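To start, the structure itself, in structure tokens.
Hydrogens, waters and symmetry mates play no part in the numbers below; they use all other heavy atoms, side chains included. For clarity, every value in this text was computed on a predicted model and none was experimentally measured. Naming convention: chains lettered A, B, ... in sequence-line order (proteins, then strands); numbering from 1 in each chain.
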There are 2 protein chains.
Amino acid sequence: MPKQTFLSLPEDKQNTLIQSAKKEFSRVPLHEASIANIIKDAGIPRGSFYQYFEDKEDLYYYLLNQVAQENNKKLNSILQEKKGNLFEALFEQFRYMISLRHHEEHNDFLRYAFLNMNHRKENTMANNIYKESLKNERSQTLEMVDISFLNIEDKQELSHVIRIVGAITFHNLVQVFVHDLTDEEAIYNYEAQISLIKKGLQRKEVD
Amino acid sequence: MPKQTFLSLPEDKQNTLIQSAKKEFSRVPLHEASIANIIKDAGIPRGSFYQYFEDKEDLYYYLLNQVAQENNKKLNSILQEKKGNLFEALFEQFRYMISLRHHEEHNDFLRYAFLNMNHRKENTMANNIYKESLKNERSQTLEMVDISFLNIEDKQELSHVIRIVGAITFHNLVQVFVHDLTDEEAIYNYEAQISLIKKGLQRKEVD
DNA sequence: GATTATATGTGACACCGTGTCACATGTCAA
DNA sequence: TTGACATGTGACACGGTGTCACATATAATC
């Protein structure tokens, strides 16, 4: 998290730094990005940077979290629209996520995020839904899922469902960027996989 | 891949370097590991290192690939033992993977690998099964799966099944290390999730 | 065995990025 | 005006990387 010093900064100065940071994180993946470039672009001295953030990661995950919160809002609105049907909402959200590639609003920020997806980034993107689902904490998003669509006994099992679809969704998103899939290819694969887990991977006994 | 120079080295000199590398990669995650430490421990000059490997990653993925090949052999033998039943084989393999934590043979090498799992590491660990499944290349492992256990039309769909169970398996392995789960917790979660995707996530219509 | 060519070993060095610290400047209250 | 505290600043020490000119070994040819 940014230090208080940063949050007290006039908004335009915050934005300048954020823009420069996004620019750098869109140029190269996190581990290649340099604070030197960010402050040069933003025109602030090195010492100031460390008044605002702990380090490069601190700034990066602050930005990623902002993006994640936008996505989360989107997911919530889709879930509402789909009346709690998790699978339909997932498709819609997946389509939305891969469509973001074509807007250049976030430049290659998301692209590099997915190309170098790891546990921490995934958790940030998932907005801690994983954690909340485990601890049965109230989560606006989870509350909206209508479990009557799901083949589970109780709400407890929902956390496993969330982890399953989460893992598959992230895996597919990574594939999109790694293999530069077209929207059609990406959606085809994702639908194939979600369809499989919906109906079950195990062949039913022939009675 | 190591350069020819390294492969031509007398075996004991290769091993010294490999041991030092494993030591360093067990001390800290890849991005914090330093060539300086490895060569100091192995007692070889800096210039020599670059005769043998392109860089730190080159060495790291060479080691990870060795571990992956061992795991792959293990998986093959389990698949044979389980007569091609993918799900039973997965359980067994999962148990085996988490049991590795308790041997200190690989020290914390695997631990840091999973704590910082990303696309490239996952792909290396999966031994390119993903790729092979996509391109319908012959893969010893894939050939051993008896698809008559699976709810799929043709062999083509097997690639989606592999990606699904792969994504879930890796997700669970990462959780093991991130949350320091006990063997029991880890197995319980994994079984719950595999069981769900076997029978299907979607509630069957009540006729 | 002498000579040449080719491969491998070596470590000093230039380069670059990080995080810190002593000092400068601003803010605000007494 | 003064002092106390917060914030701004950039030079610097540190540590890591990859390279390059040179040294040494190995092999091949006469």
Can you identify which nucleotide, out of [options], has its nearest atom closest to the [X] side chain?
X	options	result
A:Q51	D:dG18, C:dG17, D:dG8	D:dG8
B:R46	C:dA12, D:dG8, C:dT18	C:dA12
B:I35	D:dT7, D:dT17, C:dT18	D:dT17

Quickly work out the [X] [atom1] to [N] [atom2] distance and round it to whole Å.
X	N	atom1	atom2	value
A:K13	D:dT7	NZ	P	12 Å
A:K40	C:dC16	NZ	C1'	11 Å
B:L59	D:dT17	CG	C1'	15 Å
B:E54	D:dT19	CD	C1'	13 Å
A:I38	C:dG17	CD1	C1'	12 Å
A:H31	C:dG17	NE2	P	14 Å
B:Y60	D:dT17	OH	C1'	20 Å
A:Y50	D:dG10	OH	C1'	13 Å

Legend entry - Side chains of B:F170 and B:M125 in contact at under 4.5 Å (non-hydrogen atoms): yes

Legend entry - Close side-chain approach of B:T5 and B:F53, heavy atoms under 4.5 Å: no

Report which part of the nucleic acid [X] touches: base, sugar-phosphate, or nothing (heavy-atom distance under 4.0 Å, all strands).
X	answer
B:L9	sugar-phosphate
A:S48	base
B:F53	nothing
A:Y52	sugar-phosphate

Legend entry - B:T141 versus B:N76, side-chain donor and acceptor atoms under 3.5 Å: yes

Inset, instruction - Let me know which of B:I164, B:L196, B:I152 forms a side-chain contact (heavy atoms from CB on, under 4.5 Å) with A:L201. - result: B:I164

Inset, instruction - With rounding to the nearest 0.5 Å, note down the distance linking CD1 in A:I35 to CG in A:D55. - result: 6.5 Å

